[in-house]
Amino acid sequence: MGLKPVFTHRWDLSPSEAIHLQQQMARRVVQQDQFGEINRIAACDVAFPQNRACAAVCLFSYPQLKLLEQKVVVEEVRFPYVPGLLSFRETPPLLTAFAQLKEEPDLLVVDGQGVAHPRRFGIASHIGVILEKPTIGCAKSILFGKPTSELGQKKGSKVNLVTEEGEVIGMLLRSKDGVEPLVISVGHRISLESAVKFVETLCGRYRIPDVQRIADSLSKGNITAGLSSRRDSKPLF
DNA sequence: GCGACAG
DNA sequence: ATCTTGTCGC
C-alpha cells in the first residue's frame with residue numbers, strides 16, 4: 001500500500017555529490033506525455049517549524065478536486081537549504097508521506113521546479129523519477145532561466161522560460177490578474193504544454209492552485225475539514 | 001570579483 | 001522557508 005520509490009539512493013550526500021547525482025538522474029527525466037486517464041492528483045509541501053521538517057501530501061479526485069486523503073509526517077532536517085539542491089532537504093520526509101497513501105495518484109504536483117533548473121533536475125523531477133509518476137513542477141518564482149518576453153497582466157497570459165542557449169525549460173503563467181506569475185515546468189512523464197493545461201484547470205480564484213494551497217496549509221499545521229472548494233472543470237484527457 | 005539564488 | 005501585527009479589501 002502507498003506510493004513507494006522505484007529508484008533509491010543515499011540522501012546523506014555532500015553538496016558536490018548531490019550535484020553529481022542530479023546530473024546523472026536528469027537523464028531519466030521524460031518530457032513527453034506518458035500517462036492514461038487522470039483520476040487522482042496528489043499535491044505536497046513541506047514546512048519547517050522550529051528547524052524540523054513537516055511534510056504533507058494530499059490526494060484529490062480529478063477533475064472534481066475533492067479531498068480524499070491527507071498524510072503528514074514530521075522528521076528531523078538533514079540537509080540545509082541550498083539553491084539548486086532543495087530536493088535533498090525536502091524529498092526525504094515527502095517520500096515517507098507518499099508511502100502512507102492508501103490510493104495511488106495518477107499525477108503529482110510539486111511546489112518547486114522540474115526541469116527549470118541549472119541541471120534540469122529540480123525537486124519535481126527528482127520526486128517524479130524516484131516514484132516514476134507523471135509530475136508537474138509549479139513554483140512561485142524563477143530559479144533558473146529567463147522569460148522570452150514581457151508577460152501580459154491578464155489571467156491566462158503565458159510566456160516561455162528559456163536558458164541562455166534558447167532551450168525552453170518552463171512557462172510563466174499569470175494565474176490571476178496582476179499577480180506574480182507561477183513558474184511551471186516538466187517534472188517527469190508529461191509535456192510542458194500538458195503541464196500548463198493541468199495547472200490552469202487547478203487554479204481557482206487564487207494565485208496558487210487549490211490543491212497546493214491545501215497541502216501548504218496542512219504542512220503548516222492547519223486542518224481542512226474535508227472540503228476543498230470543489231468545483232467542476234472539464235477533463236483534459 | 002559581482003550578482004542571483006525554488007523553499 | 002521562518003520570524004511577526006496590524007490592516008486593507010471583497
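Just so you know, these numbers use all the heavy atoms, side chains as well, and skip hydrogens, waters and symmetry mates. Sequence lines set the chain letters: A, B, ... in the order given, protein chains first and strands last, and positions in each chain run from 1.
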Taking side chain to side chain donor-acceptor pair (under 3.5 Å) as the criterion, tell me which of A:Gln24, A:His20, A:Gln22, A:Gln23 meets it with A:Arg119. A:Gln22
Any Lys/Arg nitrogen of [X] or [Y] sitting under 4.0 Å from an Asp/Glu carboxylate oxygen of the other?
X: A:Asp111; Y: A:Lys140; result: yes
X: A:Glu164; Y: A:Lys146; result: no
X: A:Lys4; Y: A:Glu104; result: no

Look at all strands and tell whether A:Asp45 reaches a base, only sugar-phosphate, or nothing, counting heavy atoms closer than 4.0 Å. sugar-phosphate
Using a heavy-atom cut-off of under 4.0 Å over every strand shown, decide if A:Ala124 touches base, sugar-phosphate, or nothing. nothing
Reading DNA chain B 5' to 3', how would its secondary structure be written in dot-bracket notation, given Watson-Crick and G-U pairs with both distances under 3.5 Å, brackets [ ] for crossing pairs and | for partners on other strands? .......
Span of DNA chain B engaged by chain A, first through last nucleotide within the 4.0 Å heavy-atom cut-off, is B:dC5 to B:dG7
For DNA chain B, determine which residues of residues 83-92 of chain A have any heavy atom closer than 4.0 angstrom to one of its atoms, and list them numerically. A:Pro83, A:Gly84, A:Leu85, A:Leu86, A:Glu90
In the hydrophobic clustering (ILVMFWY, side-chain contacts below 4.5 Å, transitive), which residues join A:Val159, or is it alone? A:Ile142, A:Leu143, A:Phe144, A:Leu151, A:Leu161, A:Ile169, A:Leu172, A:Val183
Using a 4.5 Å cut-off between side-chain heavy atoms of Ile, Leu, Val, Met, Phe, Trp and Tyr, which other residues end up in the same hydrophobic cluster as A:Val74? none
Return each pair, listed once, that meets side chain to side chain donor-acceptor pair (under 3.5 Å) where at least one residue sits in [range]; pairs must be two or more places apart or across chains.
range: residues 168-185 of chain A; result: A:Lys154-A:Asp177
range: residues 40-60 of chain A; result: A:Arg40-A:Glu103
range: residues 75-89 of chain A; result: A:Glu75-A:Thr96, A:Ser87-A:His126

Which residues in residues 18-26 of chain A have a heavy atom closer than 4.0 Å to any atom of DNA chain C? none
Do the non-hydrogen side-chain atoms of [X] and [Y] ever get within less than 4.5 Å of each other?
X: A:Thr8; Y: A:Pro5; result: yes
X: A:Pro181; Y: A:Leu173; result: no
X: A:Ile190; Y: A:Leu107; result: yes

Pair A:Trp11 + A:Phe88: ring centers closer than 6.0 Å: yes
Dot-bracket for DNA chain C, 5' to 3', Watson-Crick and G-U pairs with both distances under 3.5 Å, [ ] for crossing pairs, | for partner on another strand, reads ..........
Hey, are A:Asn160 and A:Thr148 close enough side-chain-wise for a donor-acceptor pair under 3.5 Å? no
Closest non-hydrogen atom pair, A:Cys54 against A:Ser219: SG-O, 3.2 Å
Considering only heavy atoms of chain A and a distance under 4.0 Å, specify the first and last nucleotide of DNA chain C in 5' to 3' order that meet this criterion. C:dA1 to C:dC3
Hey, could you give me each pair passing ring-ring contact (aromatic ring centres under 6.0 Å, His included) that has a residue in residues 161-193 of chain A? Not counting sequence neighbours. none
